Amino acid sequence: MSVPASTGEMPSLVGLIGHPVAGNPTGPMLEATFAHHGLDWRYVSMDVLPERLAPAVAGLAALGFRGFHVTVPHKVAVVGHMDRLTEAAALIGAVNCVIAEGGGWLGENTDGKGFLESLEAVVDPKGLRVCLLGAGGAARAVAVELALAGARSIEIVNRDATRARVLADLIADRTTASSSVRSWSAPIEIGAAVDLVVNATSLGLNDPDAGPELDFSRAAGPLVADVVVHPPLTRLLREAGAAGLRTLDGQGMLVNQGARGFRLWTGIEPDRAVMRAALAAHSSRPGEDLA
Ligand code: NDP
């Protein structure tokens with residue numbers, strides 16, 4: 001989409017709303033990328049309490065924001081404040097990237113697309129048989145994009161069985177992929193008929209010793225992906241690597257979804273090497289927690 005021409009001396013504004021937002025790496029990553037491309041844009045991280053969401057979104061419109069990211073806990077609630085949704089955002093039922101268009105807000109979900117872009121660099125998603133751990137926001141985004149990209153089947157393994165069933169029904173009813181549900185019982189066995197395992201739970205976040213317990217003894221060489229951003233090398237990825245399996249980390253997904261937002265707002269394709277370097281510099285700061 002085209003972005004309205006710059007209004008002159010004032011920088012263009014984008015940002016993030018969430019609660020909390022402290023430690024979120026997207027701001028430093030995108031600020032470094034704006035600077036690299038010589039763009040007079042600012043990315044502002046804003047802590048917004050759930051009960052202040054409506055006035056905050058109205059305030060961003062009044063202030064002329066060109067768009068904004070949305071993180072926990074607002075991704076679902078913000079849908080009600082959008083003027084239009086992309087197909088994926090409507091299916092996922094959550095928005096994480098908002099674009100100003102024609103005086104209104106367009107709600108997009110780039111989480112799953114960021115994941116898919118990482119995946120496509122390694123394997124064609126068409127026909128894949130997927131075992132997906134989790135049924136929260138990230139899992140919904142990953143499941144919908146995998147299904148829209150032609151995955152053959154998605155098995156959902158989640159602690160809360162009702163959430164798993166709701167996601168499985170969404171995939172079966174609204175996409176061409178088949179779906180099934182398995183109860184969460186450790187260790188989770190990965191059978192020979194699985195091509196891709198995705199950890200889309202928060203297990204392992206900010207804890208290198210935590211992670212889902214998987215049994216790969218019957219597996220036939222699946223690709224193992226983790227959406228967890230920090231640490232980049234999670235326990236799951238270390239264990240999969242030790243078992244000789246190919247792996248994908250969550251930082252690629254984060255860079256890709258940040259790049260999509262950058263492009264949707266500015267119309268410019270960002271230099272991902274700059275984004276990756278800024279993310280790595282931010283992640284290595286002592287005591288940094290990335291949610
Ligand atoms: P949600 O709160 O929506 O979902 C959390 C999921 O984790 C649920 O499926 C939940 O299961 C499961 N879970 C949490 N604790 C446990 C546990 N102890 N044992 C088993 N399952 C557990 O969070 P999100 O989906 O928004 O985020 C999930 C992860 O994805 C986070 O680490 C987040 O940082 C990451 N993420 C990464 C992105 C990237 O660009 N790389 C983008 C977006 C998110 P249950 O339903 O049973 O509670």
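Both counts, for ligands and for their atoms, begin at 1 and track the order of listing. For the numbers below, each heavy atom of this structure counts, side chains included, while hydrogens, waters and symmetry mates do not. Nothing here was measured: the structure is a model prediction, and the numbers come from that model.
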Check your understanding: Which is closest to atom 28 (C) of ligand 1 in terms of heavy atoms, A200, G252, A225, G211?
Key -> A200

Point to revise | Pick from A138, G204, S118, P232: the one approaching atom 26 (O) of ligand 1 most closely through a non-hydrogen atom | key: A138

**Study point:** R238 atom CZ, over 12 foreign heavy atoms within 6.0 Å
**Key:** yes

Review point. Does ligand 1 have a heavy atom under 4.0 Å from the side chain of L203, from its backbone, from both, or from neither?
Key: side chain

Point to revise | ligand 1 to G250 polar contact by distance, N or O atoms, under 3.5 Å | key: yes

Practice item. Please confirm whether S202 comes within less than 3.5 Å of ligand 1 when only nitrogen or oxygen atoms on both sides are compared. Key: yes

**Study point:** Proximity to ligand 1 by part of R163, non-hydrogen separation under 4.0 Å
**Key:** side chain

Exercise for review: May I ask you to identify, for L254, whether its side chain, its backbone, both or neither come under 4.0 Å of ligand 1 on a heavy-atom basis?
Suggested key: both

Review point. Quick one: does R218's side chain have a donor or acceptor within less than 3.5 Å of a partner on A192's backbone?
Key: no

Practice item. Could you grab the distance from atom CG of L167 to atom OG1 of T162, nearest 0.5 Å is fine? Key: 12.5 Å

Check your understanding: Is there a donor-acceptor contact under 3.5 Å from the side chain of N256 to the main chain of G114?
Key -> yes

Practice item. Please determine if L205 has a nitrogen or oxygen closer than 3.5 Å to a nitrogen or oxygen of ligand 1. Key: no

**Study point:** D195: partners by salt bridge (Lys or Arg N to Asp or Glu O under 4.0 Å), with sequence neighbours left out
**Key:** R129

Review point. In the single-linkage hydrophobic clustering (I, L, V, M, F, W, Y; side-chain heavy atoms under 4.5 Å), do F262 and F65 co-cluster?
Key: no

Check your understanding: Would you call E108-K113 a salt bridge at under 4.0 Å N-O?
Key -> yes

Exercise for review: Answer yes or no for W184: is there a heavy-atom contact with ligand 1 below 4.0 Å?
Suggested key: yes

Revision key, fill the gap. Cluster membership besides L236, Ile/Leu/Val/Met/Phe/Trp/Tyr side chains within less than 4.5 angstrom, sorted by chain and number, is L133, V157, W184, I188, I190, V194, V197, L203, L214, F216, V224, L233, L237, L245

Revision key, fill the gap. Heavy-atom nearest pair, V95 first then V70, reads O-CB, 3.6 Å

Review point. Which one holds for A135 and ligand 1: side chain close, backbone close, both close, or neither close, with close meaning a heavy atom under 4.0 Å?
Key: backbone

**Study point:** Region of N158 that comes within reach of ligand 1 [heavy atoms, distance under 4.0 Å]
**Key:** side chain

**Study point:** Which segment of D111 sits under 4.0 Å of ligand 1 when only heavy atoms are counted
**Key:** side chain

Review point. Among the heavy atoms of G114, does any lie under 4.0 Å from an atom of ligand 1?
Key: no

**Study point:** Nearest heavy atoms of L119 and L146, plus distance in Å
**Key:** CD2-CD2, 3.6 Å

**Study point:** Atom indices of ligand 1, in the order listed, that fall short of 4.0 Å to a heavy atom of G134
**Key:** 9 (O)

Point to revise | Heavy-atom nearest option to atom 47 (O) of ligand 1, drawn from T162, D160, D226 | key: D160

Revision key, fill the gap. A student comparing E213, M253, R159 should find that the heavy atom closest to atom 18 (N) of ligand 1 comes from R159

Point to revise | Subset of ligand 1 atoms that lie under 4.0 Å from at least one heavy atom of V229 | key: 39 (C), 41 (N)

Check your understanding: Does atom CD of E87 have more than 12 heavy-atom neighbours from other groups under 6.0 Å away?
Key -> no

